[in-house]
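Because only heavy atoms are used, hydrogens play no part in the values below, and waters and symmetry mates are left out as well, while side chains stay in.
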Amino acid sequence: MASARRRGMTATTLLALLLAGTACGPVADRKPDVLPVGYDSLDGTLRVWPARGRLAGDSAATAAITEAVRAWRTPADDRAHLPSSGILWSGEVDGAPLALVAADVPGESASWLLQLTRDGDRYVVDRASEYTEPGYLAYSDVLPVQTGSGRRYLLSGRVERLLSPKGRALSSRDGLTDPVDVPACRAVALTATLRATRSLPRGRAADRLLDLGTATTDPRYPLVRDETGSGRRALDGLDTCVLADEQGPFGSVPRRIGDRDAPRSVPESWPMAKVSVRALGEVALGGGDPADLEQLSWETDAGTMTAVVYRPADGGDPVVSPADRANTLQAYVLPVPGQPLVVLSWRSSRYSSLSVPPGTPRLVNRPGLVVVPQPVSKATFSLAGAEKTYYRSVGGR
């Protein structure tokens, strides 16, 4: 949680800078019951999110968009706060009206990107994705848009150019890029070049993001920050639809609202930044060639999450575990076909010692890593350290 709080403080500081010199957030020169057009965020003298699109000045379109956003509700039944939200883009794409709204939802302290299309004489919210860090959309620079012709991106006023997954500069009009060939279930890299501004005196040559694929379902936000490029390497060859499954790393820890799970909300294990991987070792099953074991880690708004990836020696499909919150002793259930495993991992030292239930065979047994067959019934493992013993329990099949 500390890392999430630090991100929140950083976001708050940057947002305050972007709003410096203004009396409020979104443009306030309209009636309170009309959704502002554009977002009055300034980075020095640069307007980060100006009103854009051919219909940005169309009062009838603005009124219809406002009504649609007013009627919209989150999965938790919260509504957008219109005065602090804003229409980022209003125009036509592929011959049809399209609007993009940065919606502020105070009840959830989250940023929502709403994508609206025209249905007869009214607008409807067609897609709604949530970024669980407050104010994210106001200080972000690249926002995902899904249209019939493919993935596009809306660019802030700070972006000089955006490179596609193939490393080609994307053309844009009114801040909205041409369609990009993004696969459904693979992560691809994007790189933005940001111009010099008050908050970035030297600009930024490589602002890196990962798009987790066009099959990412609402309200899950598909873009993940990848400042060092480690995420691109970590997710190479992995199916992001499998990662996002309810039993996969990114989708397996449900969000709780009050004392109940909220399955329609973004999972607590959904990645936001700092996806990375490290090698754990190898495991050979049934006398076959050894497979590689890796540990994924990533940041969420609930802290650091980890999971294990099993990469077969024959080049077959990788197997992934559900997420495990960062612990001194990590315990993963790895559903390897024919022989499900439990992988136990820890930072080894000369004072640490792992104990397993009597009679449990250790398929891998080395400092910092033990692999055992998944027990039929509940089993408890313990890691004795210099001053404390840590316990983890794993259920049966």
Side-chain angles (χ1 to χ4, degrees), residues 18 22 25-27 29-30 34-66 68-69 85-103 111-119 123-129 131 136-165 168-182 190-197 203-204 207 209 211 214 221-223:
L18 296 182
T22 65
V27 177
D29 57 356
R30 292 180 178 269
V34 177
L35 193 64
V37 181
Y39 205 98
D40 198 10
S41 50
L42 296 177
D43 190 347
T45 59
L46 176 69
R47 191 161 182 153
V48 180
W49 289 111
R52 288 181 290 185
R54 192 176 66 83
L55 299 176
D58 188 313
S59 59
T62 298
I65 295 167
T66 298
V69 173
S85 301
I87 302 173
L88 303 181
W89 202 90
S90 179
E92 292 185 351
V93 175
D94 300 330
L98 173 74
L100 302 170
V101 174
S111 296
W112 284 80
L113 181 62
L114 306 184
Q115 185 171 317
L116 297 91
T117 54
R118 194 74 179 251
D119 182 13
Y123 278 80
V124 295
V125 176
D126 186 51
R127 300 181 67 94
S129 55
Y131 199 92
Y136 175 82
L137 302 182
Y139 61 81
S140 184
D141 291 296
V142 180
L143 304 181
V145 182
Q146 187 62 31
T147 66
S149 57
R151 176 78 90 208
R152 298 171 185 259
Y153 301 98
L154 183 65
L155 310 179
S156 82
R158 278 195 297 245
V159 177
E160 286 189 337
R161 70 173 184 171
L162 180 68
L163 298 184
S164 74
R168 298 172 181 170
L170 294 172
S171 299
S172 64
R173 182 176 180 181
D174 279 344
L176 191 64
T177 71
D178 289 344
V180 185
D181 184 16
V182 174
L190 303 165
T191 305
T193 300
L194 307 182
R195 58 174 45 92
T197 62
R204 184 173 293 164
D207 194 46
L209 296 164
D211 190 322
T214 57
Y221 192 82
L223 296 190

Report yes if some heavy atom in the side chain of [X] is under 4.5 Å from a heavy atom in the side chain of [Y]; otherwise report no.
| X | Y | result |
| --- | --- | --- |
| Val48 | Thr197 | no |
| Arg168 | Leu163 | no |
| Ser59 | Val34 | no |
| Leu190 | Pro165 | yes |
| Leu155 | Val142 | yes |

Where [X] and [Y] come nearest, the two heavy atoms and their spacing:
| X | Y | value |
| --- | --- | --- |
| Pro144 | Leu113 | O-CD2, 3.3 Å |
| Val37 | Ala51 | CG1-CB, 3.3 Å |
| Ser156 | Ser140 | CB-O, 3.9 Å |
| Ser149 | Asp94 | OG-OD2, 2.9 Å |
| Ser164 | Leu170 | CB-CD2, 3.7 Å |
| Leu55 | Tyr123 | CD1-OH, 3.8 Å |

inquiry  = If the condition is ring pair (Phe, Tyr, Trp, His ring centres under 6.0 Å), which residues does Trp89 pass it with, not counting sequence neighbours?
reply    = none
Atom [atom1] in [X], atom [atom2] in [Y]: separation rounded to 0.5 Å?
| X | Y | atom1 | atom2 | value |
| --- | --- | --- | --- | --- |
| Arg152 | Leu100 | CZ | CG | 11.0 Å |
| Leu143 | Ser111 | CG | OG | 10.0 Å |
| Thr193 | Arg195 | OG1 | CZ | 10.5 Å |
| Leu154 | Trp49 | CG | CH2 | 4.5 Å |
| Ile87 | Ile65 | CD1 | CD1 | 4.0 Å |

Under the salt bridge (Lys or Arg N to Asp or Glu O under 4.0 Å) rule, collect the residues that match up with [X], sequence neighbours excluded.
| X | result |
| --- | --- |
| Arg204 | Asp207 |
| Arg52 | none |
| Arg161 | none |
| Glu92 | Arg54 |

key: Gln146: partners by side-chain hydrogen bond (donor to acceptor under 3.5 Å, both in side chains), with sequence neighbours left out   = Arg151
inquiry  = Test of understanding: with side-chain hydrogen bond (donor to acceptor under 3.5 Å, both in side chains), list the residues that count as partners of Ser90, not counting sequence neighbours.
reply    = none
ask   = Can you check whether Leu35's main-chain N or O pairs, donor with acceptor, with Thr66's side chain at less than 3.5 Å?
value = yes
note = Residues passing the side-chain contact (heavy atoms from CB on, under 4.5 Å) test with Ala128, sequence neighbours excluded, are Trp72, Trp112, Leu114, Val125
request  = State which residues pass side-chain contact (heavy atoms from CB on, under 4.5 Å) with Thr117; sequence neighbours excluded, sorted by chain then number.
outcome  = Leu98, Val124, Asp126
Return a table of donor-acceptor pairs under 3.5 angstrom between the side chains of residues 172-181 and protein atoms on other chains or two or more places apart.
| residue | atom | partner | partner atom | Å |
| --- | --- | --- | --- | --- |
| Thr177 | OG1 | Tyr153 | N | 3.0 |

request  = Classify the ring geometry between Tyr136 and Tyr221 as parallel (under 30°), tilted (30 to 60°) or perpendicular (over 60°).
outcome  = perpendicular
